[in-house]
Amino acid sequence: DKPQAYCCPEITAVETLDCWDAAMEILDSLKFKTDSIPVSNVGYSSAGMQAIGIQRFIDENRPDIDIALTAVGASPFDINIVWQDYVNKNTTSFACALPLIMVAYNETYNLGFGYDEIFMPPLCDSIQEWILDKSYNTDGINERIGLGKTVDQILTPAARDWTQGVGLVMYHKFRENSVCDSTVQWKPNPKTQFFVMHSPGDTYMTWQASVRMAAFLNERGAKVVTDFNDSGDHVFNAAYVFLLESCLMLEKSSNQE
């Protein structure tokens, strides 16, 4: 009955670690030994942003956990880069992306904007049914918004302008939650192997967000392997390539099959 904290990396990291702690208690109560098992942290698309949020939270707050591999792909690590690319190109293959993010931020951080300030009709009048009620998956939301809609048919002029008003407020909140902004103080664990992948053929979100993520990690001395080869669009081929490459990286990081 609560709004989803979509692409809110610190909140989802805390939720994930709550689940982790509960799982460790269960395994301990069942007499399983877990201290020698390497930990992997893998996420694609929005889950990749979550995976980096988890890594950062662990590095800053949980010295009891070491992650062998964090593998991420095709993710909106800096939402502003993705948002600005959508607006500048006026197109996206994933119509629900910005609505899901902007609704999550408006609700989660109590920004207080009316949805007619952010979205064009009929979306602005349908947020409760299409998104907040959680009656539809992303395919259902895309179908209702209209996959052929351009960005200026989805977002109001105010929501396409990050220099003032509602757009400026969103810009600052997105920057505050970026996991690769220059102001982020996080020092990645030098023992963790990072893998960052994003296909330039991705029409859902710009691969430049992942290029920035990899640069951020490199600048801070992390071990990083990247794959920015064109392996197709976001969902099908690129996602499978990411999964296979992540599995191979996990074997190399853990020395276990």
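Not measured: the values here are computed from a predicted model.
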Here the pair of heavy atoms bringing I154 nearest to P99 is CG2-CG, 4.0 Å

Smallest heavy-atom separation, A159 atom then M102 atom, equals O-CE, 4.1 Å

Taken in chain and number order and not counting sequence neighbours, the residues that satisfy side chain to side chain contact (heavy atoms under 4.5 Å, CB included) with A215 are R212, E219

| said: Please confirm whether the ring centroid of W162 lies under 6.0 Å from the ring centroid of F174. | reply: no

**Q.** Test item: M170 and W83 side chains (from C-beta on) under 4.5 Å apart, heavy atoms
**A.** yes

Taken in chain and number order and not counting sequence neighbours, the residues that satisfy side-chain hydrogen bond (donor to acceptor under 3.5 Å, both in side chains) with N90 are D152

Review point. Do S75 and S46 have side-chain heavy atoms sitting under 4.5 Å apart?
Key: no

**Prompt:** Would R220 count as a cation-pi partner of F216, with NZ or CZ less than 6.0 Å from the six-membered ring centre and within 45° of the ring normal?
**Reply:** yes

field: T92 side chain vs F94 backbone, donor-acceptor pair below 3.5 Å
entry: yes

Y86 meets the ring pair (Phe, Tyr, Trp, His ring centres under 6.0 Å) criterion, sequence neighbours left out, with none

Could you check whether any side-chain heavy atom of E143 comes within less than 4.5 Å of a side-chain heavy atom of L147, counting everything from C-beta outward? no

So CD1 of I79 and CD of Q84: to nearest 0.5 Å the spacing works out to 12.0 Å

Checklist line | Minimum side-chain heavy-atom gap T192-L69 below 4.5 Å | finding: no

Here the pair of heavy atoms bringing S231 nearest to S199 is N-OG, 3.0 Å

*Any donor-acceptor pair under 3.5 Å linking the side chain of D181 with the backbone of V184?*
no

Closest non-hydrogen atoms of N80 and R175, given as atom of the first, atom of the second and distance, are ND2-N, 3.5 Å

For K89, is the NZ atom crowded, meaning more than 12 foreign heavy atoms sit under 6.0 Å from it? no

**Request:** Flag yes if more than 12 heavy atoms outside E107 fall under 6.0 Å of its CD atom; otherwise flag no.
**Result:** yes

*Distance-only polar pair, side chains of N229 and D227, donor-acceptor under 3.5 Å*: yes

Check your understanding: Given side chains that start at C-beta, do those of L17 and R62 come closer than 4.5 Å, heavy atoms only?
Key -> yes

Validation row, ring centre H198 to ring centre F242 under 6.0 Å = no

Report task. Specify whether Y109 and Y105 have parallel, tilted or perpendicular ring planes, treating 30° as the upper limit for parallel and 60° as the lower limit for perpendicular. Result -> tilted

> Is the side chain of Q185 donor-acceptor paired with the backbone N or O of T183 at a distance under 3.5 Å, no angle test?
Replying inline: yes

Working note: F77 + S178, criterion side-chain contact (heavy atoms from CB on, under 4.5 Å); need CA distance, chi angles, decisive distance, verdict.
CA-CA 6 Å; F77 303 108; S178 169; 6.0 Å; no

One should read off an interatomic distance between I11 CD1 and Q50 CD, to the nearest 0.5 angstrom, of 11.5 Å

Side-chain heavy atoms of L100 within contact of T138, under 4.5 Å: yes

Using a 4.5 Å cut-off on heavy atoms from C-beta on, say whether the side chain of R144 contacts that of I141. no

Answer yes when D59 and K187 have at least one side-chain N-carboxylate O distance shorter than 4.0 Å, and no when they do not. no

In short, K223 meets K191 closest at the heavy-atom pair NZ-O, 3.4 Å

Chi angles and distances behind the side-chain hydrogen bond (donor to acceptor under 3.5 Å, both in side chains) call for S135, D133: CA-CA 5 Å; S135 300; D133 285 350; 4.9 Å; no

**Asked** Would you find a donor on one side and an acceptor on the other, under 3.5 Å apart, between the side chain of N137 and the backbone of D139?
**Response** yes

side-chain contact (heavy atoms from CB on, under 4.5 Å) test vs D66 passes for just one of N189, V39, I58, namely N189

Looking at N177 and C8, would you say the former's side chain and the latter's main chain have a donor-acceptor pair under 3.5 Å?
no

Backbone N/O of T150 and side chain of Q153: donor-acceptor pair under 3.5 Å: yes

Exercise. Do the non-hydrogen side-chain atoms of Y115 and D125 ever get within less than 4.5 Å of each other?
Worked result: no

dist S45:OG -> H234:NE2 (nearest 0.5 Å) comes out at 3.0 Å

Closest non-hydrogen contact found for L132 with P3 is CD2-CB, 4.2 Å

